[in-house]
Amino acid sequence: MKKLMLGIALTTVLAIPSFSDEKVGEDVDLSSAVITAKSCAEKAKETGSFELLSSCPPAEAAKTGYVIYDVTENTFYAIAPKNVYYFELDEGFGGSIDASGKVVGKEGDIPVLEIKEYKISPKPKAGFFKGCL
């Protein structure tokens, strides 16, 4: 009996929260959320390997759409195509975004975030820290 309870607790801890319709209209503040592709986010959720998010090729976002992963809340958000330019997301792909906005719906099981204000920090280029030591 104790083994069964331990297994349930571990499953609950490792599970990524699913989206419910109750979150529509909720205000969201993101800090250092990762910009990635929807297909890579889905693979990361299935496998639990979140390294896929930073190694995801930008061409995937062109095929499947952009999402952002909030590390703090362990939640993915699709981005509503309003107030954010895709060329900025391309430049910041694999980097991070600080943003505030509102959940306006859902796309599959991923909440859709309409971003009001944002600041994108691109992924550092290779060799960026070279010579710093």
Side-chain angles (χ1 to χ4, degrees):
M1 186 78 169
K2 289 182 182 179
K3 288 183 182 178
L4 178 63
M5 294 170 83
L6 179 60
I8 292 170
L10 286 175
T11 303
T12 304
V13 170
L14 296 175
I16 295 174
S18 62
F19 175 74
S20 68
D21 289 328
E22 296 169 2
K23 291 189 177 189
V24 172
E26 181 179 296
D27 289 325
V28 175
D29 287 314
L30 303 172
S31 179
S32 299
V34 179
I35 304 168
T36 190
K38 184 177 179 182
S39 59
C40 294
E42 289 169 346
K43 287 178 192 172
K45 279 175 73 170
E46 289 172 12
T47 64
S49 176
F50 292 98
E51 296 83 29
L52 291 171
L53 301 178
S54 60
S55 64
C56 185
E60 281 296 309
K63 294 178 194 172
T64 62
Y66 293 91
V67 297
I68 47 181
Y69 173 61
D70 181 13
V71 179
T72 308
E73 296 293 325
N74 196 24
T75 305
F76 290 99
Y77 294 96
I79 301 171
K82 187 176 184 182
N83 303 332
V84 179
Y85 297 104
Y86 288 127
F87 76 88
E88 291 178 308
L89 294 172
D90 281 338
E91 289 176 8
F93 195 84
S96 65
I97 184 171
D98 296 333
S100 61
K102 187 175 289 241
V103 176
V104 294
K106 66 180 183 175
E107 193 175 286
D109 64 342
I110 299 176
V112 176
L113 183 65
E114 183 178 291
I115 296 175
K116 306 250 187 256
E117 295 180 13
Y118 63 96
K119 179 183 176 205
I120 295 175
S121 300
K123 184 176 182 178
K125 305 237 184 288
F128 177 75
F129 295 104
K130 204 173 207 175
C132 291
L133 298 176

Nearest heavy-atom pair of [X] and [Y]: which atoms, and what distance?
{"X": "Val71", "Y": "Ser32", "result": "CG2-O, 4.4 Å"}
{"X": "Val103", "Y": "Pro111", "result": "CG1-CB, 4.0 Å"}
{"X": "Ile120", "Y": "Gly92", "result": "CG2-CA, 3.5 Å"}
{"X": "Leu53", "Y": "Tyr69", "result": "CD1-CD2, 3.5 Å"}

What residues form a side-chain hydrogen bond (donor to acceptor under 3.5 Å, both in side chains) with [X], not counting sequence neighbours?
{"X": "Glu42", "answer": "none"}
{"X": "Glu91", "answer": "none"}
{"X": "Lys43", "answer": "none"}
{"X": "Glu51", "answer": "Ser49"}

Start with the C-alpha gap between Phe50 and Asn74, add the side-chain angles, then the distance that decides, and say whether side-chain contact (heavy atoms from CB on, under 4.5 Å) holds. CA-CA 10 Å; Phe50 292 98; Asn74 196 24; 4.2 Å; yes
Quick check on side chain to side chain contact (heavy atoms under 4.5 Å, CB included): which of Val112, Ile97, Ile35, Ile68 does Ile79 satisfy it with?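 Exactly one pass, corresponding to Ile68.
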Do Phe76 and Asp109 come within less than 4.5 Å of each other through their side chains, counting heavy atoms only? no
Would you call Ser96 and Val34 a side-chain contact if the rule is heavy atoms closer than 4.5 Å? no
For the pair Ser39 (side chain) and Thr64 (backbone), establish whether a donor and an acceptor sit closer than 3.5 Å, ignoring hydrogens and angles.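 Flag not set: sc Ser39 to bb Thr64 has no pair under 3.5 Å.
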Among residues at least two apart in sequence or on other chains, which ones pass ring pair (Phe, Tyr, Trp, His ring centres under 6.0 Å) with Tyr66?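 If we apply the ring pair (Phe, Tyr, Trp, His ring centres under 6.0 Å) test to Tyr66, skipping adjacent residues, the hits are Tyr86.
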Within residues 23-65 or reaching into it, pairs that qualify as disulfide bond (SG atoms under 2.5 Å apart) - sequence neighbours excluded: Cys40-Cys56
Distance in Å, Ser100 OG paired with Glu117 CD, rounded so as to fall on 0.5 Å steps: 4.5 Å
Distance in Å, Lys119 NZ paired with Ser31 OG, rounded so as to fall on 0.5 Å steps: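 Lys119 atom NZ to Ser31 atom OG measures 10.5 Å (nearest 0.5 Å).
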Are Leu113 and Phe93 co-members of a hydrophobic cluster defined by side-chain heavy atoms under 4.5 Å apart?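 Linked within one cluster.
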Path from Val67 to Leu52 over hydrophobic side-chain contacts below 4.5 Å: no
